[in-house]
Amino acid sequence: MVIDILLIIVGIVLVLWGADRLTDGAVAIAQRLNIPEMVIGLTIVALGTSMPELCISMVSALKGTSDLAVGNVVGSNIFNTLLIVGVAAMVAPIAILRSTVWKDMPWSMLAGVLLAVLCLDGRVSRLDALLLFAIFLVFMGYTLYRAKREKPEATMEAHEARTPLAATILVVLGLSCLVLGSNVFVDAATRVARALHVSDAVIGLTIVAGGTSLPELATSVVAARKGQSAIAIGNVIGSNVYNVLLIIGLTGLICPMELQGITLIDYAVMTLGMAMLWCFSYTRLLVERWEGAALTAVFATYMAWLLYNAVVLSPATA
């Protein structure tokens, strides 16, 4: 147990350090290629930070623990929308581009609602997965199309000039640390949870989702602290879309999944979080500190309910 706790700490340190390197490298590449911050957040950063979820979900499904695979994605989206945006907004209010509200957030909302509907029958078939993956390809095509048409935001500032090679090394190094740190964290935390006799669904929604969401948390908080709020919010929105459409799509195509422990409440909280973020962003194109606190409060309430059911009610019904 002591060794696992130490590994959890090591994983967190690696993730935080890697997120800082990734953000710097991604911004440098965006400046060199004249790509808008939002597109970087929706593609390079989102894909890189979603790799832990992809690896964990794929391995989980192949090993027959489908609740862990889907719980990882549902839990990660809940962490992303409620905790990560909430914490980032409390660190510094997050400015939202109008195009994000009208063009990007609907994709995240669509992905969450579609996943909930497809999972109502308690399974993710290959047909379900094919639909999700097809929509992901449409999303990527749409994102790249916008990248060609939009001009770089005037707010983009070069804090430190970097050569293309140096920027690339930073991105690769950052992603490597993110993936390694997340895996170390999740493996150790999962062993701790197993020792406490917690179900696969709860592990996926809490320990694994929290661990694989550490890259998004670290990257978004660092970006918000540096005033790069477009990357902070774009990272979350892009990751939510990638988590559902790419990860569940690819995983389900390879290995159809039967679900037992993921409930309607879990899907509802995921959808509610995105709806709240959308409403907060729509009002003044800004997620203020009190709104960040509200998102965080909903997350804390959900976690308390989830852990209460897992720890208090489960033993009583066993």
Notebook entry, point to check: To the nearest 0.5 Å, what is the distance between CD1 (Ile9) and CG (Leu14)?
Noted result: 12.5 Å
Next item on the list: Please round to the nearest 0.5 Å and tell me the distance separating atom CG of Leu114 and atom CG of Asp128.
Entry: 8.5 Å
Note to self: Measuring only between side-chain heavy atoms, which start at C-beta, is Leu286 closer than 4.5 Å to Ile96?
What the structure shows: no
Margin query: Is it the case that the side chain of Asn309 and the backbone of Leu306 share a donor-acceptor pair, with hydrogens and angles ignored and the cut-off at 3.5 Å?
Written below: no
Checklist line | Lys NZ or Arg CZ of Arg98 over Trp102 ring: under 6.0 Å, within 45° | finding: no
Item checked: side chain to side chain contact (heavy atoms under 4.5 Å, CB included) assessment of Tyr267 paired with Ile262 -> CA-CA 8 Å; Tyr267 296 119; Ile262 312 299; 3.5 Å; yes
Item checked: Pairwise side-chain contact, Arg123 with Leu259, heavy-atom cut-off 4.5 Å (strictly under) -> no
Note to self: If I compare all heavy atoms of Gly75 with all of Ala209, which pair ends up nearest, and what's the gap?
What the structure shows: C-CB, 3.4 Å
Checklist line | Linked, directly or transitively: Val172 and Trp17 (ILVMFWY side chains, under 4.5 Å) | finding: no
Next item on the list: Could you tell me whether a side-chain N or O of Asn77 sits under 3.5 Å from a main-chain N or O of Met270, the two making a donor and an acceptor?
Entry: no
Check: When rounded to the nearest 0.5 angstrom, what is the spacing between OG1 in Thr271 and CG in Leu264?
Finding: 10.5 Å
Note to self: Which residue is it: Ile169, Leu175, Thr168? I am looking for the one with a side chain to side chain contact (heavy atoms under 4.5 Å, CB included) to Val171.
What the structure shows: Leu175
Margin query: Measuring from atom OG1 of Thr296 to atom CD of Glu291, what distance do you get when rounded to the nearest 0.5 angstrom?
Written below: 11.5 Å
Item checked: Smallest separation among heavy atoms of Gly174 and Arg21, with atom names -> CA-CB, 4.0 Å
Note to self: Test: ring-ring contact (aromatic ring centres under 6.0 Å, His included). Region: residues 53-80. Which pairs qualify, not counting sequence neighbours?
What the structure shows: Phe79-Phe299
Item checked: Met90 versus Gly292, closest heavy-atom pair with distance -> CG-C, 4.0 Å
Checklist line | Same cluster (ILVMFWY, side-chain, under 4.5 Å), Leu137 and Met140 | finding: yes
Next item on the list: Can you see which heavy atom on Gly261 is nearest to which on Asp67, and at what distance?
Entry: N-OD2, 2.9 Å
Check: Do Met105 and Phe136 belong to the same hydrophobic cluster, where Ile, Leu, Val, Met, Phe, Trp and Tyr are linked whenever their side-chain heavy atoms lie under 4.5 Å apart, directly or via other members?
Finding: yes
Check: When you check the side-chain N and O atoms of Asn72 and Ser57, is any donor under 3.5 Å from an acceptor?
Finding: yes
Check: Can you name the nearest heavy-atom pair linking Cys177 to Gly18, along with the distance?
Finding: CB-CA, 3.8 Å
Notebook entry, point to check: Do Leu6 and Val184 share a hydrophobic cluster, counting only Ile, Leu, Val, Met, Phe, Trp and Tyr and linking them when any side-chain heavy atoms are less than 4.5 Å apart?
Noted result: no
Item checked: Student check: side-chain heavy atoms of Leu205 and Val74 closer than 4.5 Å -> yes
Margin query: Would Ile265 and Trp305 count as a side chain to side chain contact (heavy atoms under 4.5 Å, CB included) here? Give the steps.
Written below: CA-CA 10 Å; Ile265 292 180; Trp305 174 86; 3.4 Å; yes
Margin query: Under 4.5 Å between side-chain heavy atoms, counting indirect links through other Ile/Leu/Val/Met/Phe/Trp/Tyr residues: same cluster for Leu173 and Leu180 or not?
Written below: no
Note to self: What I'd like to find out is whether the side chain of Leu7 reaches to under 4.5 Å of the side chain of Arg191, using heavy atoms alone.
What the structure shows: yes
Margin query: Taking the side chain as everything from C-beta on, heavy atoms only, tell me whether Cys119 gets closer than 4.5 Å to Val124.
Written below: yes
Checklist line | Inter-residue atom distance Phe133.CZ - Leu245.CG, 0.5 Å rounding | finding: 10.0 Å
Side-chain atoms of residues 274-285: list all donor-acceptor pairs with protein atoms under 3.5 Å, sequence neighbours left out, distances to 0.1 Å.
from, atom 1, to, atom 2, distance (Å)
Trp278, NE1, Val101, O, 3.0
Ser281, OG, Leu277, O, 2.8
Thr283, OG1, Phe280, O, 2.8
Arg284, NH1, Glu288, OE2, 3.0

Check: Do the ring planes of Phe139 and Tyr242 sit parallel (below 30°), tilted (30 to 60°) or perpendicular (above 60°)?
Finding: perpendicular
Item checked: Contacts of type side-chain contact (heavy atoms from CB on, under 4.5 Å), residue Cys255, not counting sequence neighbours -> Ala61, Leu62
Checklist line | Side chains of Leu127 and Leu131 in contact at under 4.5 Å (non-hydrogen atoms) | finding: no
Notebook entry, point to check: Do you know the tightest heavy-atom contact between Ala129 and Gly249?
Noted result: CB-O, 3.3 Å
Next item on the list: Using a 4.5 Å cut-off on heavy atoms from C-beta on, say whether the side chain of Leu120 contacts that of Leu118.
Entry: no
Next item on the list: For the residue pair Asn80 and Val85, establish whether any side-chain heavy-atom pair is separated by less than 4.5 Å.
Entry: no
Checklist line | Nearest-0.5 Å distance, OG1 of residue Thr81 to CG of residue Leu272 | finding: 10.0 Å
